[in-house]
Amino acid sequence: MQIHYRGYESGDPRVRPAAGYGVDRPTELPDEMDVLIVGTGPAAVAVTAQLSRFPSINARAIERRPGRLEVGQADGIQARSVETFQAFGFADEVIAEAYRNVEMCWWKPSKDDPSKIERVSRDPDDASGISEFPHIYVNQSRILDYFLRDAKRAPGRIEPDYGIEFLDCTIDPGAEYAVTARVRYTAGPRVGEERTVRAKYLVGGDGARSSVRSALGHRLQGDASMHAWGVMDVMANTDFPDFQVKCSIQSHDAGNILLIPREGGYLSRLYVDLGVVEEHDAGAVRATPLEAMIERANRILAPFTLDVRAVTWWSVYEVAHRITNGFDDVPAEHIDTRTPHAFIMGDACHTHSAKAGQGMNVSIQDGFNLGWKLAAVLEGRSPEALLSTYASERKEIAQNLIDFDKEWSTMMARPVDEWEDPAELERYYVNTMEFPAGFMTEYAPSIITLDAEHQALAAGFPIGKRFKSAEVIRRADNRWQHLGHLHEADGRWRVYVFADSAAPALEGTPTADFANWWAYDAASPRVRYTPGDGDDDAVFDTKVIYQQEYTEFDPKDVPNAFKPLKVPFGLEDINQIFATGHGRDIHREREVSRDGAIVIVRPDQYVAGVLPLSARDEVAEFFAQHLLEPAPAERAEFITEFHERIKL
């Protein structure tokens, strides 16, 4: 964490000074705003936390409940989500309180006595090292708390307006405040009162029964599997030996259980197979009593017993796989001629089973994808066309999730007698680990993602997929740092310059030549798009990673493009210079060419492109597709003088 560069700060650096709309923030929902966020689910709170970091944006989040979510709902946190938490600054705290999954145990009917189950195998949770972050379990309410705490600590100081529900809206694409929304108070002294508010953009993260989705005229399309499951969070005494380990449990004739231990050591979640639902059930299975679920769980666990002492939450659901026909308000026939003003995220646009632990995780990525784009457009850094990429990117990801979940949930429900190969379920779990871990997302080429023409220059950073971190030595303090952990949710683009094999130099090498173009040439995106009155790295967080050992050079040997100046004191930031050391080499680990490469990473941590160090035109053309030049501004005098001096 870098602090003090704007002056000494004695308080908690995680609590940023209020600014813009965060100063004396009104408690009453205003009549007009930039963004109206509906709901406080995982996608909605990710957008809320992101936008609160941009205090020039007037964003509000409404929630029909009178207060925070307390129990139930999702609990599985995949490694990709933990990477996202790192960008928002609370990954370590979540990990500390969560249950950390290390392996999966597989239980099946005993060959000697099929009426009893026995453990047949174990699989490590991440044998391939797909991420440095763990797979964890913690209640969804805690994740919402962390995001909302981040929003409250950010300069925009956004806090949800609880007790207000969204009713409907109209959209006039040509108006400054395109969305006119009708809302109603559901709690407090104004309960029952209706109001009309206006917003430039509407974001719907209000769940599977989304009112925003209905207002946009979209419908969830798909089918149900005709299979029901009960889910319960229990505190129990049991002689089942793996009650604190994730388990897939298949009985001979009583059904199956997916056992998920929870944080704290005493709580566990059981997904209990309630069997096939009759075609004309009409939802009757949802009335299955808790006692029947506990009895079914004991039948599946035989010869072990489950003595349930308390149930903190439970529900019954039928597996359904559905996706909405649209993710924003633009009709299909107008996709190329209109930009969106309303969006839906999370369960509002895709529903599936809970077996793969994907609902909350994919929803968070929906919100992360949309949040930085809204900020870029509202702050005037990007054209409105950027917002069209949300629907095109996230709808494909949602469909991939549903396709995967159909297969996984069907396999989980299949009776033991129907398996030709008893080990097939375990193999599928291991072979598809990258998908449920959240790392199969691969965005197609677009205005914010290049094609794979130069992928071979950095094979370990696949274009369109998330930036897989690796450790490097920061030359300023000679400490190991995970490069990706320095990527904050601040809306900036990351430009990682992996240096060629020549030693660091101020000129005369491919890396130095690129650096000097990047810092000073009028065609450089850094020169074109960085506001004249702010930090040198306000738009582009540029880092250099040298192949040499950290002991072989000093920061003075490094071009100024990698030592950005900070206002108001003109402090030179030497914390963006990295090297190898002690036998570790990120170039080797991530298959980066010894000739060097530029790896461009989007604000949401996905690799946007890989280019050679000589690719001046390609770099400029790429950013010209989705960035706007700022209005002319007075360059701080010390910055002008400093840059003139260091160019000499």
Side-chain angles (χ1 to χ4, degrees), residues 14-27 29-30 32-63 84-85 87-90 143-162 164 166 177-179 181 197-206 212 328 339-346 348 363-382 384 386-387 389-390 394 487-493 538-539 602-605:
R14 298 167 187 82
V15 181
R16 306 309 304 153
Y21 284 101
V23 177
D24 298 325
R25 186 174 184 83
T27 56
L29 187 70
E32 294 180 342
M33 64 206 78
D34 292 321
V35 184
L36 175 62
I37 303 163
V38 181
T40 55
V45 295
V47 172
T48 301
Q50 179 73 101
L51 292 183
S52 193
R53 296 182 173 219
F54 301 92
S56 66
I57 298 172
N58 185 10
R60 306 288 294 214
I62 62 173
E63 168 59 61
T84 304
F85 301 161
F88 283 90
F90 55 80
I143 302 304
L144 305 185
D145 286 345
Y146 278 113
F147 273 113
L148 291 175
R149 185 191 68 178
D150 184 82
K152 185 177 179 180
R153 288 175 168 182
R157 294 291 193 270
I158 300 177
E159 296 184 64
D161 294 291
Y162 288 111
I164 303 177
F166 172 91
Y177 291 89
V179 180
V197 298
R198 298 197 300 161
K200 294 178 181 177
Y201 297 101
L202 172 68
V203 176
D206 50 340
V212 176
D328 60 32
T339 55
H341 288 86
F343 312 85
I344 51 175
M345 315 173 296
S363 295
I364 289 169
Q365 296 310 312
D366 286 348
F368 199 10
N369 182 289
L370 179 59
W372 71 268
K373 296 173 182 178
L374 281 169
V377 170
L378 285 164
E379 287 206 325
R381 290 179 280 111
S382 293
E384 291 182 333
L386 176 64
L387 298 176
T389 64
Y390 167 74
R394 296 309 296 175
H487 185 138
E488 298 181 34
D490 53 17
R492 292 188 296 167
W493 286 81
V539 177
R602 298 166 21 155
D604 55 1
Q605 300 178 315

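- The heavy-atom pair separating L36 from V197 by the smallest distance is CD2-CG2, 4.2 Å.
- Here the rule is side chain to side chain contact (heavy atoms under 4.5 Å, CB included) with I37, and of L51, V45, V212, L202 only L51 fits it.
- In this structure, the separation between CZ on R60 and CG on L29 is 5.5 Å, given to the nearest 0.5 Å.
- Distance alone, capped at 3.5 Å, is enough to place a donor-acceptor pair between the D366 side chain and the G346 backbone.
- Counting heavy atoms from C-beta outward, W372 and F54 have side chains that stay 4.5 Å or more apart.
- The distance from atom NZ of K200 to atom CG of L374, rounded to the nearest 0.5 Å, is 12.0 Å.
- Taking the side chain as every heavy atom from C-beta outward, P160 and L148 approach each other to under 4.5 Å.
- Distance CD/E63 to CG/D161: 11.0 Å, rounded to 0.5 Å.
- Using modelled atom types, no side-chain atom of R16 and backbone atom of R53 make a donor-acceptor pair closer than 3.5 Å.
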_I158 vs T48, side-chain contact (heavy atoms from CB on, under 4.5 Å): CA-CA, chis, key distance, verdict_ = CA-CA 7 Å; I158 300 177; T48 301; 3.5 Å; yes
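- Distance alone, capped at 3.5 Å, places no donor-acceptor pair between the R381 side chain and the V377 backbone.
- I344 places none of its side-chain heavy atoms less than 4.5 Å from the side chain of R394.
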*Please step through side-chain contact (heavy atoms from CB on, under 4.5 Å) for the pair M33 and V179, ending with a clear verdict.*
CA-CA 10 Å; M33 64 206 78; V179 180; over 6 Å; no
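- Closest non-hydrogen pair, A375 versus I57, comes out as CA-CD1, 3.6 Å.
- The CE atom of M345 sits 6.0 Å away from atom OH of Y390, with the distance rounded to the nearest 0.5 Å.
- In this structure, the side chain of T389 engages the main chain of L386 through a donor-acceptor pair within 3.5 Å.
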*Would you please test V47 and F343 for side-chain contact (heavy atoms from CB on, under 4.5 Å) and show each step?*
CA-CA 11 Å; V47 172; F343 312 85; over 6 Å; no
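- With values rounded to the nearest 0.5 angstrom, R25 atom CZ is found 8.5 Å from E159 atom CD.
- Residues A181 and F166 share a closest heavy-atom pair of CB-CE1, 3.8 Å.
- In this pair, F85 and F147 present their aromatic rings perpendicular. The plane angle is above 60°, beyond the 30 to 60° band.
- Atom CD of E384 is separated from atom NE2 of H341 by 5.0 Å, given to the nearest 0.5 angstrom.
- Taking all atoms of both residues into account, the shortest heavy-atom contact from Q365 to T84 is NE2-OG1, 2.8 Å.
- Counting only heavy atoms from C-beta outward, the side chains of Y21 and S56 never approach each other to under 4.5 Å.
- Across all non-hydrogen atoms, the minimal contact from G204 to A348 is O-CB, 4.1 Å.
- Contact record, P155 with P55: CB-CG, 3.8 Å, taken as the closest heavy-atom pair.
- Between I143 and I364, the closest side-chain pair of non-hydrogen atoms falls below 4.5 Å.
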